[in-house]
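See below for the structure under consideration.
Hydrogens, waters and symmetry mates are skipped; everything else that's a heavy atom, side chains included, is used. Order of the sequence lines fixes the chain letters, A, B, ..., with proteins taken first and strands second; residue numbering starts at 1 for each chain.
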Amino acid sequence: MTEVLFVLFAVVALGGAFGVVISRSPVASLLFMVATLASVAGIYVLFEAHFLAAIQVLVYAGAIMVLFLFVIMLLNLGHDYRADLKFGLWSLLAFVVVGLTAGVLAQGFMDVGDTGFREDGAAVAAALDEAAREQGVAGVIAEPLFTDYVVAFELMGLLLLVAIVAAVVLAKPRN
Amino acid sequence: MHEMNQLSTFWFWVAGAAKVIGVFTVVMLAVAYMTLAERRVSGFIQDRLGPNRVGPFGLLQPIADAVKNLIKEETMPGTSAKFYFVLGPMLAIMPAVVTFAVIPIAAPLPTPVGTVDMIVADVPIGILYILALSSLAVYGIVLSGWASNNKYAFLGGLRASAQMISYEVALGLSVIAVLLLAGNLTLTEMVWQQQQMKLWFVFPLSLAFIFFVISALAETNRLPFDMPEAESELITGYHTEYSAMKFSMFFIAEYSHVLTASALMATLFFGGWDIPVWTGDDMFWHEGALIRGFDEAGAPIAATPSVLITLLTLGAFSAKTAFFVLLYIWIRWTLPRFRYDQVMHLGWKVLLPAALGYIVLIAGTMLVLDQLGVPFGFRYGLILTGVSGVTTVAFLFFVDRDRVIGGAHGQGSVARIRARASASS
């Protein structure tokens with residue numbers, strides 16, 4: 001059952017990712033991306049990472065992609081998009097960037113080893129199960145986030161705040 | 001007395017399938033009769049009869065409506081984006097019908113094969129599941145508004161996306177106060193905590209309840225927040241171009257959301273299926289056994305589930321949910337619609353900072369109580385009730401600006417406006 005579901009989610013995730021790139025209409029791209037994000041959330045559930053799955057849907061599919069949709073529709077990109085597509089040098093550049101990224105990812109997977117799993121995977125999973133029983137599903141993530149990684153977490157928040165202030169400054173009418 | 005044990009895998013599947021079909025059927029029936037209730041109650045409020053011709057008291061009206069919508073002609077605007085136009089209603093109805101799955105509807109039911117939890121899926125993330133899926137509801141509305149290729153529908157869709165994102169923040173923040181007090185995400189445990197405190201969370205978290213009701217109204221696009229389908233401005237907004245069953249699907253989605261939101265208000269703040277005062281219905285799975293509570297020494301006391309208790313608690317849950325559905329209808333036919341900028345102002349400049357401040361206050365009070373060693377229970381709840389009560393009165397006084405709470409004193413502002421108007425003319 002789990003394997004079947006995993007293959008299903010993986011196919012939808014990859015197919016969706018492919019669809020984002022090849023579809024011509026921005027709205028179609030966006031819906032493909034939502035499908036990909038939802039499938040990744042499904043894979044998280046198969047890993048019993050329920051909290052991560054919920055946050056994935058809530059934040060990415062439910063909020064960020066809705067904002068994307070809002071912007072696409074506000075600019076009415078869906079109806080006359082061909083002028084916005086860039087070809088020539090840009091597509092060459094895109095190929096180079098995608099190729100480099102794929103290379104880096106492939107290198108990363110090579111390092112993991114033949115099985116594709118960490119050797120101490122079972123022990124880590126058992127420890128996580130124990131922690132989830134004691135602290136609840138949210139506690140397992142919240143505990144390290146607000147103790148070990150609190151500085152990185154706060155800096156992240158600060159970065160977002162700076163981005164928001166910058167957006168407001170850029171969007172303010174000049175007079 | 002039946003054996004009190006957990007289900008075997010086979011019976012778990014059977015019970016699961018039965019619960020899925022049962023809950024889905026009941027939710028759909030409830031939605032059908034909510035449309036009738038809406039029309040009858042609006043008739044009562046406006047001093048007219050409402051639909052009363054089809055069957056006794058108009059009780060067969062929903063069936064007549066369903067048949068009408070099924071056999072009506074489906075219109076398809078020539079210039080619409082066909083694929084998305086059809087996809088829109090599907091995306092709208094999907095999140096609406098699955099969110100009810102994690103709400104516990106009654107005390108566990110004893111059967112010959114084991115004790116069945118009266119909840120479709122007791123997932124560990126509970127409330128987050130509802131928030132995550134209801135955040136997807138906006139896609140259906142926005143896409144159908146855009147795909148209709150109609151300016152009014154499009155404006156409705158844009159308004160919906162802005163409004164639903166805005167109030168999701170306030171809704172989430174009001175739920176955080178409940179999470180702080182319950183210490184867990186699952187709704188079954190929230191009901192249990194309220195039974196243990198012997199106080200429904202609406203008392204210690206009164207302000208969070210007010211925020212939740214307001215944000216839930218905005219999230220379900222109901223008056224006074226129905227900007228996406230404001231008739232006087234946008235015809236009917238995002239579903240202007242839809243007819244027959246596709247239109248009906250938007251309606252089913254809206255009423256399912258109202259039903260889920262009402263059930264959530266009952267569960268988060270009014271004890272869910274808990275029957276007030278009586279402790280015989282307290283039940284919770286604790287380390288593989290169904291318990292009723294803990295004795296003085298902290299040892300668990302075994303609970304005795306029975307069919308009668310399950311039925312009584314189901315009745316309590318239904319009554320509470322029905323009350324909030326009625327409240328929704330009551331509000332719709334009483335209050336006028338907000339202006340769009342007022343909706344945004346309320347969401348971002350009033351509810352968001354107030355809810356954040358309230359979380360800090362509740363967290364601070366709980367920290368002090370924990371430090372003082374006050375055990376989680378009735379006294380704990382009473383102290384929080386006091387703190388919350390003061391905050392709620394202060395908030396209402398600030399927001400209300402003398403109009404309702406001030407009573408006759410508030411009339412002065414109207415008199416001033418009239419005086420100013422007559423002076424200028």
Side-chain angles (χ1 to χ4, degrees), chain A residues 1 23-35 37-38 41-42 44-45 48-81 128-129 131-142 146 164, chain B residues 13 79 81 83-84 87-88 91 94-95 102 121-143 145-147 149 151 153-166 168-169 171-172 175-176 179-180 182-186 189 219 238 287:
Chain A
M1 188 69 184
S23 51
R24 296 228 143 190
S25 146
V27 174
S29 285
L30 184 127
L31 287 180
F32 274 123
M33 191 144 174
V34 174
L37 292 170
Y44 287 157
V45 173
E48 295 190 2
H50 296 100
F51 185 76
L52 215 53
I55 295 300
Q56 163 98 354
V57 174
L58 188 63
V59 174
Y60 285 101
I64 293 181
M65 295 318 285
V66 175
L67 269 185
F68 277 33
L69 191 63
F70 188 78
V71 171
I72 289 174
M73 288 178 176
L74 208 60
L75 301 177
N76 213 10
L77 282 174
H79 294 298
D80 187 20
Y81 52 84
L128 271 178
D129 274 353
R133 248 195 308 281
E134 269 176 23
Q135 304 168 313
V137 277
V140 178
I141 295 199
F146 290 108
I164 291 171
Chain B
W13 283 91
T79 53
F83 178 73
Y84 303 108
L87 188 69
L91 286 180
M94 220 161 47
V102 297
D122 196 7
V123 292
I125 44 171
I127 182 81
L128 278 183
Y129 169 87
I130 295 180
L131 290 180
L133 279 167
S134 56
S135 73
L136 297 179
V138 68
Y139 281 106
I141 294 178
V142 178
L143 267 184
W146 173 79
N149 201 8
K151 284 197 174 60
F154 183 57
L155 275 174
L158 282 184
R159 282 181 175 190
S161 64
Q163 176 179 326
M164 288 171 87
I165 292 181
S166 307
E168 226 164 66
V169 181
L171 190 78
V175 169
I176 283 182
L179 298 184
L180 276 175
N184 205 293
L185 294 171
T186 62
E189 186 147 351
E219 278 290 296
Y238 62 91
E287 291 170 356

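- Side-chain N or O atoms of B:Tyr139 include one that pairs as donor or acceptor with a backbone N or O of A:Ala61 at under 3.5 Å.
- The nearest pair of heavy atoms linking A:Ala54 to B:Ala132 is O-CB, 3.7 Å.
- Of the two parts of B:Leu87, only the side chain, counted from C-beta on, holds a non-hydrogen atom closer than 4.5 Å to a non-hydrogen atom of chain A.
- Heavy atoms of A:Leu30 lying under 4.5 Å from chain B belong exclusively to its side chain.
- Heavy-atom pairs under 4.5 Å with chain B were tallied for A:Leu67, A:Val34, A:Leu69, A:Leu58; the largest tally goes to A:Leu58.
- Residues B:Val138 and A:Phe70 fail the side-chain proximity criterion, which asks for heavy atoms closer than 4.5 Å.
- Considering every non-hydrogen atom in both B:Glu168 and A:Gly62, the closest pair reads OE1-O, 4.2 Å.
- Using a 4.5 Å cut-off between heavy atoms, A:Ala28 contacts chain B through both its backbone and its side chain.
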Which side-chain N or O atoms in residues 153-164 of chain B pair as donor and acceptor under 3.5 Å with protein atoms at least two apart or in another chain?
unit_1	atom_1	unit_2	atom_2	d
B:Arg159	NH1	B:Met227	O	3.1
B:Arg159	NH1	B:Glu233	OE1	3.0
B:Arg159	NH2	B:Glu233	OE1	2.9
B:Ser161	OG	B:Leu158	O	2.9
B:Gln163	NE2	B:Ala218	O	3.0
B:Gln163	NE2	B:Asn221	OD1	3.4
B:Gln163	NE2	B:Phe225	O	2.8

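- B:Tyr84 is linked by a ring pair (Phe, Tyr, Trp, His ring centres under 6.0 Å) to B:Trp146, counting only residues two or more places apart in sequence or in another chain.
- If you measure heavy-atom distances from B:Ile165 to chain A, the contacts under 4.5 Å come from the side chain alone.
- Annotation: side chain of A:Phe51 is in contact with side chain of B:Leu128 (closest heavy-atom distance under 4.5 Å).
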